[in-house]
There are 2 protein chains.
Amino acid sequence: MLTRWQAELQEELRQERHPLDFLAGKPERISQINEDATMFNLEEFLPYRLYQATERSSQKFPEIYTAKYDITRVEWRVLFNVGLYGPINSQEIVERTVLDKSKVSRAVQKLVVRGWLTRDGDKVDRRRKALQLTVEGEEILAELSARAERHNAAIIREIGSDRVEELLGLLRKIEAMDLLAEE
Amino acid sequence: MLTRWQAELQEELRQERHPLDFLAGKPERISQINEDATMFNLEEFLPYRLYQATERSSQKFPEIYTAKYDITRVEWRVLFNVGLYGPINSQEIVERTVLDKSKVSRAVQKLVVRGWLTRDGDKVDRRRKALQLTVEGEEILAELSARAERHNAAIIREIGSDRVEELLGLLRKIEAMDLLAEE
DNA sequence: TTGCAATAGTCGCGATTGCAACAGTTACAG
DNA sequence: CTGTAACTGTTGCAATCGCGACTATTGCAA
């Protein structure tokens, strides 16, 4: 069956996601799925289903921010972290986001140039540079936060508000599991 | 709603919870979370939680395959698709995986050189090239599939086998929702 | 038929990435 | 104190990426 393989698939898809392709009509297939004993049931493979749901639930966002603000995903991530946790230094963003520090460094540079955040030397530890949102940065982030709220509400409407806690509970169980022990 | 943005956030947060950071002693944080009215509650933000669970459920896999087989994520995705749906042509893999066609093309080249799949001209449509696994490719894929099965079983143990259908149902609802109408 | 649009796959090229080296700064053992 | 190790943030560079141009082939309208 298809456990591993699916984890694979999901992961890959996560990173390379490009939403609209799903919508495009597909031509006739020349291939059929192989009903091979060595292959597993993809439909019930949880990592795969989780991936699909995740992908679906976060669709549309990239195109909104890239089109409207001409900014990359990485830059958004940095901006959000500065907004939520600022003043914050780059290293902390690296830890929170698991982005490479060079990536963070470059994103910060662009955001500073753009005027969405400031980068001041830390008085206590001069290796660090304290990052903070500018007024403009705050405005944009506020707009995005509002969007996020509305989006979440839409999802809750879809699954039924009485089942939200149920879903969150299951998801938290999965998040808490210790995979290292299984392999 | 908050589609895009949330994908963003999820990504960020994923790292925050990364296990090893807990072990390594961290220096004092200079930043605290900002309890700002414009910020929303991340803990109950479904795209974020979904992302976290997805990430968690598919953890460990990349390092296993990259270390053992010295192959990239993209190459695995292509290999899996050929195994499940082969004979298949590149264009179909592009549609299924949402990888760029040049990426698929390059991955296929490497896999052919490596001897894990064959690329024969399609008799009906000579633009297409039919991809199929070699014996060696099948063996490797079988091993990965077995891993996937075991992995899925472990997740099911975690959440309880009686709640699997419940979770799948909720996930499918999310997958089926029409986000375009909400924005 | 014929001609043009559409498709499959490859490739060139600038942009982006991740790794690692580096400079500046701080922590700490002895 | 002192010297070494560790840490922060930047940058160089090779590898990879994605966009689009391109060739070869097929589909289809007139």
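Below, read A as the first sequence line, B as the second, and so on, with proteins coming before strands; counting in each chain starts at 1. These numbers come from a predicted model, not from an experiment.
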Show the numbers, then the answer: is there a side-chain contact (heavy atoms from CB on, under 4.5 Å) between B/Leu50 and B/Ile174?
CA-CA 10 Å; B/Leu50 282 166; B/Ile174 292 173; 4.0 Å; yes

Can you tell me which stems DNA chain D forms when a stem means 3 or more consecutive Watson-Crick or G-U pairs under 3.5 Å?
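So the stems come out as C:1-30 with D:1-30.
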
Phosphate-side-chain proximity, [X] and [N], N/O vs OP1/OP2 below 4.0 Å:
X	N	answer
A/Gln109	D/dG9	no
A/Asn89	D/dG9	yes
B/Arg119	C/dA8	no
B/Ser90	C/dA8	no

From [atom1] of [X] over to [atom2] of [N], roughly how many Å is that when rounded to an integer?
X	N	atom1	atom2	value
A/Lys101	C/dG18	NZ	P	14 Å
B/Arg77	D/dT16	CZ	C1'	16 Å
B/Lys129	D/dT26	NZ	P	13 Å
A/Leu99	C/dC19	CG	P	12 Å
A/Leu131	D/dT10	CG	C1'	14 Å
B/Gln91	C/dA6	CD	P	15 Å
A/Asp100	C/dA20	CG	P	10 Å
B/Arg128	C/dA6	CZ	P	17 Å

When rounded to the nearest 0.5 angstrom, what distance separates [atom1] in [X] from [atom2] in [Y]?
X	Y	atom1	atom2	value
B/Glu158	B/Ile156	CD	CD1	12.0 Å
B/Lys129	B/Gln91	NZ	CD	14.0 Å
A/Lys173	A/Leu168	NZ	CG	13.5 Å

Nucleotide N/O to protein N/O under 3.5 Å, stretch nucleotides 12-16 of chain C:
unit_1 : atom_1 : unit_2   : atom_2 : d
C/dG12 : O6     : B/Arg106 : NH2    : 2.9

Side chains of [X] and [Y], heavy atoms from C-beta outward: is any pair under 4.5 Å?
X	Y	answer
B/Leu131	B/Leu111	no
A/Leu46	B/Ile159	yes
B/Val104	B/Val74	no

Name of the residue among B/Val82, B/Leu99, B/Thr72 meeting side-chain contact (heavy atoms from CB on, under 4.5 Å) with B/Arg77
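Exactly one pass, corresponding to B/Leu99.
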
Counting N and O atoms only, with roles assigned by atom type, does the side chain of B/Thr134 sit under 3.5 Å from a partner on the main chain of B/Gly115, one being a donor and the other an acceptor?
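Indeed, once roles are kept as given, a pair shorter than 3.5 Å links the two residues.
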
Non-hydrogen atoms of A/Leu133 and A/Gly83 that approach each other most closely:
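Result for this residue pair: CD1-CA, 3.5 Å.
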
Heavy-atom pair with the smallest gap, counting every atom of A/Val94 and A/Lys101
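Taking every non-hydrogen atom into account, CG2-CA, 3.6 Å.
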
Strictly under 3.5 Å: I want the nitrogen or oxygen pairs between protein and nucleotides 24-28 of chain C, one per line.
unit_1 : atom_1 : unit_2   : atom_2 : d
C/dT25 : O2     : A/Arg127 : NH1    : 3.4
C/dT26 : OP1    : A/Arg126 : N      : 2.9
C/dT26 : OP2    : A/Arg126 : NH2    : 3.4

May I have the step-by-step check of side-chain contact (heavy atoms from CB on, under 4.5 Å) for A/Arg114 and A/Glu136, ending in yes or no?
CA-CA 10 Å; A/Arg114 195 162 183 145; A/Glu136 188 179 354; over 6 Å; no

